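Everything on this sheet refers to the single structure shown next.
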Amino acid sequence: MPLVDIASILDGEHDGEEVTIRGWMYNHRSSGGIQFLMVRDGSGVIQCTLPRDRVPEETYKRVEKLPLESVVELRGVVKVDERAPNGRELSITEVVNLWEAQPGYPITRKRHGVEFLLDHRHLYIRDPKMQAILRIRSKVLEAARDWLREHGYTETHSPSFITAACEGGATLFSVDYFGRKDVYLTQSWQLYAEALIYTLGKIYTIAPSFRAEKSRTRRHLAEYWHLEVEEPWTDLWGIMKVGDELVTHICHRVAEEMPRELKSLGRDPKELLRLEPPYPRITYDEALEILRKDGIELEWGDDFGWREEEPLTRHFDTPFWVTHFPIGVKAFYHKPDPKRPEVTLSADMLAPEGYGEIIGGGQRIDDYDELLTRIVEEGLNPEDYSWYLDLRKWGSVPHSGFGLGVERLIMWICHLDHIRDAIPFPRDVRRVFP
RNA sequence: GCCGCCGUAGCUCAGCCUGGUAGAGCGCCCGGCUGUUAACCGGAUGGUCGACGGUUCAAAUCCGUCCGGCGGCGCCA
C-alpha cells in the first residue's frame, strides 16, 4: 500500500485508489456516527472521513478522543467529493497507527490575537495558511536560483561581519567582535559584490541583511533575506531587464506550480501569469507629476515616503520601475547620469496594490575620482572605503546590480497584509523570541 | 526618534465613563449526535483584573510610574 503525499492526492493523482498517508491531525469534527479528521503533512491538508462501522469500536472511540496535533497513519480510498474542503477526501479503511499528543494544544481554530500567535510562532507555523506561505517562499527562491543559473550567474557570498556602512543613512547593528567595537552586521553585500564581479563575472547571492531601523510598519523586518545581483558590462537599462525577467519568471513558476496555495491566500494565479516584461518605467520626475495630479506635492530632491509611494502604486496593476532618483536620496555609489548629473542612474521596482518597493538598484560609479568625490560629499571617511576604491584602479568597467527584498516580494505574491508572515520566525524592533 | 491604541479565565472580549463581593462566547474535560466545514447541542471546570504606588469606608473601575504588546510616521528592501 503506497505511502503518498497529501498534495499528490489533492492534485488528483490517486482518485479511486487505496493509499496510506501519514500526518498531524490539525482539526477534528465528530457527528456521532461519522468523524472528520483534518490531516496535514508537509505538502498539504486533507479531510479524512471515518464512519463508525468502518473500524473496531475501540479504535473509533480512541480516534474520537485523539488530541489535536496527534500523529496518524491512515489507509483509505481517495474520493472526489464536493463536500470536502479541497474537493477530495480520504475515506478511511484502516487506522494503521496513532501517536497521541498531549491534550491542550494552544492554537485552536478560533480567533487569536497577534501577540498570542507571535508568542506561539513555533506552533503557529503549522497553520495551513503559514504552511502555504512557507511553501511558496521555497518556490520563490527555487525559481530565482533556476533563472539565475540558467542565465549564467554564479552564486557567491559576502561576509555578515563588516566594519563600514554600505548604505549611508541606514542604521547598523553593532556586535562585540572579540572585544572590537567597530564591527557591525551587514546591511547589503554591495561593496563585496563589486569586488567579486572582477573574479566571477555575473553573480548573485541570497542571504540575510540586518537593519537596526526602529521601524514599526508592516513592511519592515530587522533581519530580512536579500536577493542581490551584480554584473559587469551592464548599465541601468540592462539591469532593469534582468529584474523584469527574474521577477516574471518567479511569478510564473509560483503561479504554475503552487496554484492551490495561492488561492488559499486570496491570490488568483492568473494575476501572476499575465505578467510580461518589460514592466512600465517612469522617471522620478514623471512620478512627481503623477502625484501632483493626485494632489500630493513633493519638493524635487526629496525621497519618497510612504505617503508618496503608496498612492503611486495605485496607478499600476503590475510591478513598475521608478528611475533617475535625485543625487543624495540614493547611496553614494550610484552613478550620476552623465547627461544630467543632478540625478543618478538608479531604479526601484515597486509592486502594485499598495505594496511598494521590492527592488532597489542601478548603475554603480566605475571611475576612481568620481567615487572619491561622492564619498567625500556624503561626509564619509575615504579610509573606511580604501579597498572599495582600489577596485576602480585595476580593470574597472561599467557595472550594475540590484537588491531584492525576498519577504517584500513574497508579501506581494501572497497578498499578505504584514511582512512578518513571509518569514517563519520574524525579527523586528520588539521581537527576537521565539 | 515621534504619534495613537491595548493589557480582565487557556483563547477572543464585555464590564471601566457614572467606584460597592468577576461576566459571555470559544477551548480543555464529561455526555449526545451517521456529512461535518471556525460543526452543533447539554453539563462541568476555570481569574492575585500586567506590576508597583496613591486617593477612598471601599479600586478591574479614579490618579501616577513602570513593564509588555499592537498600529502608524520617519527611514529603508
Side-chain angles (χ1 to χ4, degrees), chain A residues 26-38 45 47-54 60-61 64-65 67-68 79 81-87 89 91 102-120 127-129 166-172 187-190 207-228 243 302-310 325 329-331 348-351 355-361 402-412 417-420 422-423 428-431 433:
Chain A
Y26 100 91
N27 200 14
H28 177 249
R29 293 182 284 269
S30 169
S31 188
I34 183 168
Q35 296 181 56
F36 301 89
L37 283 69
M38 301 301 292
V45 180
Q47 171 169 287
C48 304
T49 58
L50 181 63
R52 184 182 284 272
D53 53 17
R54 192 69 59 77
Y60 190 84
K61 287 203 164 144
E64 200 165 28
K65 298 216 179 279
L68 293 185
K79 293 189 171 164
D81 194 316
E82 285 180 6
R83 294 170 294 186
N86 275 322
E89 63 186 18
S91 181
Q102 287 186 30
Y105 184 65
I107 298 180
T108 68
R109 302 270 67 80
K110 299 291 178 182
R111 268 243 172 281
H112 291 291
V114 174
E115 182 179 3
F116 179 82
L117 291 177
L118 286 172
D119 284 342
H120 293 81
D127 186 275
K129 178 190 168 183
C166 54
E167 311 279 345
T171 320
L172 293 157
Q187 299 175 327
S188 162
W189 83 330
Q190 184 57 43
S209 279
F210 306 90
R211 306 253 167 132
E213 297 155 358
K214 292 183 178 172
S215 302
R216 295 208 41 75
T217 81
R218 57 187 63 197
R219 306 179 307 282
H220 288 84
L221 293 168
E223 176 183 11
Y224 68 97
W225 283 73
H226 215 164
L227 191 169
E228 297 179 275
D302 286 348
D303 199 5
F304 293 158
W306 190 240
R307 185 180 289 248
E308 292 79 32
E309 191 173 324
E310 195 274 339
F325 286 88
V329 315
K330 291 288 173 189
D348 285 357
M349 185 191 285
L350 278 65
Y355 281 95
E357 186 175 0
I358 52 177
I359 284 180
F402 62 76
L404 180 154
V406 172
E407 288 78 16
R408 290 261 179 100
L409 177 62
I410 293 166
M411 186 186 175
W412 169 64
D417 57 16
H418 203 296
I419 197 168
R420 65 174 153 237
I423 188 168
D428 65 30
V429 63
R430 294 272 170 90
R431 189 172 283 278
F433 181 90

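Please read these numbers as outputs of a predicted model, since none were measured by experiment.
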What does [X] touch in the nucleic acid at a heavy-atom separation under 4.0 angstrom: a base, only the sugar-phosphate, or nothing?
{"X": "A:N27", "answer": "sugar-phosphate"}
{"X": "A:L118", "answer": "sugar-phosphate"}
{"X": "A:R420", "answer": "sugar-phosphate"}
{"X": "A:E310", "answer": "nothing"}
{"X": "A:R219", "answer": "base"}

- Item | Contacts of type ring pair (Phe, Tyr, Trp, His ring centres under 6.0 Å), residue A:H112, not counting sequence neighbours | A:F116

- All ring pair (Phe, Tyr, Trp, His ring centres under 6.0 Å) counterparts of A:F304, not counting sequence neighbours: A:Y284, A:F325

Any protein N or O atoms within reach of nucleotides 28-35 of chain B? Criterion: under 3.5 Å, listing atom names and distances.
from	atom 1	to	atom 2	distance (Å)
B:rG31	OP2	A:K65	NZ	2.9
B:rC33	N3	A:G32	N	3.1
B:rC33	N4	A:S30	OG	3.3
B:rU34	OP2	A:G33	N	3.3
B:rU34	O4'	A:G33	N	3.1
B:rG35	N1	A:E89	OE2	2.8
B:rG35	N2	A:Q47	NE2	3.4
B:rG35	N2	A:E89	OE1	2.7
B:rG35	N2	A:E89	OE2	3.4

Check nucleotides 41-46 of chain B against the protein and report each pair of N or O atoms closer than 3.5 Å, with its distance, or say if there are none.
none

- Message: What I want to check is whether an N or O donor and acceptor connect the side chain of A:S215 with the base of B:rG74 at under 3.5 Å.
- Response: yes

- A:W306-B:rG74 aromatic stacking (under 5.5 Å, under 30°): no

- Task: Using a cut-off of strictly less than 4.0 Å, decide whether A:R430 has a side-chain nitrogen or oxygen near OP1 or OP2 of B:rG71.
- Result: no

- Could you give the distance separating B:rG74 and B:rC28 at their C1' atoms, to the nearest angstrom? 46 Å

- Message: I'd like the C1' distance from B:rC11 over to B:rU45, given in whole Å.
- Response: 15 Å

- Message: I'd like to know if A:K330 pairs up with A:D348 as an ion pair, taking the criterion as any Lys NZ or Arg NE/NH1/NH2 lying under 4.0 Å from an Asp or Glu carboxylate oxygen.
- Response: yes

- Message: Checking A:R29 now: which residues fulfil salt bridge (charged side-chain N to carboxylate O under 4.0 Å, His left out) with it, not counting sequence neighbours?
- Response: none

Distances under 3.5 Å between nitrogen or oxygen atoms of protein and nucleotides 6-11 of chain B:
from	atom 1	to	atom 2	distance (Å)
B:rC11	O2'	A:R111	O	2.9
B:rC11	O2'	A:H112	ND1	2.8

- Query: What closest approach, in Å, do A:H120 and A:I107 show between heavy atoms, and which atom pair accounts for it?
  - Reply: O-CD1, 3.9 Å

- Closest nucleotide of RNA chain B for A:H28 versus for A:G360: which of these residues is on the 5' side? A:H28

